[in-house]
Amino acid sequence: MKKKLIGRGVIGFPVGIAIGYVITVIISICIGDGFFYPVTPELVNKMGSELNAVLIQTGLSGIMGTGFAMASVIWEIDSWSLAKQSGIYFAIACVIMFPISYFANWMPHSTAGILSYVGIFVAIFLAAWVTQYSVWKRKIKKMNEGIKNNNRRSC
């Protein structure tokens with residue numbers, strides 16, 4: 001298990017950086033004024049320069065990728081119920097995302113900003129969970145149908 005955690009963590013760091021970069025590109029496209037926004041202006045002000053802000057955000061994105069990748073081993077603990085796996089994974093995701101998002105100024109530092117961020121985070125988490133659940137449910141149904149067909153042929 002330790003080997004799996006470390007291996008996923010090592011892979012998760014660059015994947016987190018890549019996802020963080022893609023998100024900045026998407027945000028820049030959505031703003032639509034032709035400029036690239038690698039970080040929030042608030043983070044630039046806090047860090048003293050755009051370069052420092054980008055370096056910090058890159059590191060934080062890598063840490064986030066590492067955390068999510070390592071937490072993914074939870075889904076392989078067969079002795080846990082789906083509810084327990086989901087709850088623990090959600091808790092870990094919150095512990096990873098919230099402080100990083102707050103520090104990186106990905107959310108406004110106000111009650112409304114934090115509540116909005118939490119709402120968006122929960123909605124995205126639920127959408128991803130339902131999507132994955134549906135995909136795996138269909139795969140399992142196909143496998144079960146294949147087993148039934150094989151059993152019928154061999155009888």
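Small disclaimer: the values here were computed from a predicted structure and weren't measured.
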Look at the side-chain heavy atoms of Ile, Leu, Val, Met, Phe, Trp and Tyr, link any pair under 4.5 Å apart, and say whether [X] and [Y] land in one connected group.
{"X": "W106", "Y": "L115", "answer": "no"}
{"X": "Y37", "Y": "L55", "answer": "no"}
{"X": "V73", "Y": "M70", "answer": "yes"}
{"X": "M64", "Y": "I11", "answer": "no"}
{"X": "V135", "Y": "L126", "answer": "no"}

Whether T66 side chain and G9 backbone form a donor-acceptor pair below 3.5 Å: yes
Under 3.5 Å: donor-acceptor pair, side chain of S116, backbone of A112: no
Full working for ring pair (Phe, Tyr, Trp, His ring centres under 6.0 Å) between W129 and F125: CA-CA 6 Å; W129 189 92; F125 185 90; 8.1 Å; no
Set of residues satisfying salt bridge (Lys or Arg N to Asp or Glu O under 4.0 Å) with respect to E145, sequence neighbours excluded: none
From [atom1] ([X]) to [atom2] ([Y]), nearest 0.5 Å:
{"X": "I63", "Y": "T58", "atom1": "CD1", "atom2": "OG1", "value": "11.0 Å"}
{"X": "Q85", "Y": "S79", "atom1": "CD", "atom2": "OG", "value": "8.5 Å"}
{"X": "L5", "Y": "S72", "atom1": "CG", "atom2": "OG", "value": "8.5 Å"}
{"X": "S61", "Y": "I56", "atom1": "OG", "atom2": "CD1", "value": "11.0 Å"}
{"X": "T40", "Y": "I27", "atom1": "OG1", "atom2": "CD1", "value": "9.5 Å"}

Partners passing side-chain contact (heavy atoms from CB on, under 4.5 Å) against V25 (at least two apart in sequence or in another chain): Y21, I29, F36
To check you understand the geometry: which heavy-atom pair defines the closest contact between [X] and [Y], and what is its length?
{"X": "M1", "Y": "I77", "value": "CE-CG1, 4.4 Å"}
{"X": "A69", "Y": "G12", "value": "CB-CA, 3.7 Å"}
{"X": "E50", "Y": "V39", "value": "CG-CG2, 4.4 Å"}

Side-chain touch I140/M143, heavy atoms, less than 4.5 angstrom: yes
Pairwise side-chain contact, P38 with Q57, heavy-atom cut-off 4.5 Å (strictly under): no
OH/Y133: more than 12 non-hydrogen atoms of other groups inside 6.0 Å: no
W136 atom CH2, over 12 foreign heavy atoms within 6.0 Å: no
Residues E76, K4; criterion side chain to side chain contact (heavy atoms under 4.5 Å, CB included); working and verdict: CA-CA 11 Å; E76 297 173 19; K4 199 177 274 191; 2.7 Å; yes
Pair I74-W80, side chain to side chain contact (heavy atoms under 4.5 Å, CB included): steps then yes or no: CA-CA 9 Å; I74 286 169; W80 288 4; 4.0 Å; yes
Solution key, residues 87-104 side-chain donor-acceptor pairs under 3.5 Å, sequence neighbours excluded:
| from | atom 1 | to | atom 2 | distance (Å) |
| --- | --- | --- | --- | --- |
| S101 | OG | M97 | O | 2.8 |
| S101 | OG | Y117 | OH | 2.3 |

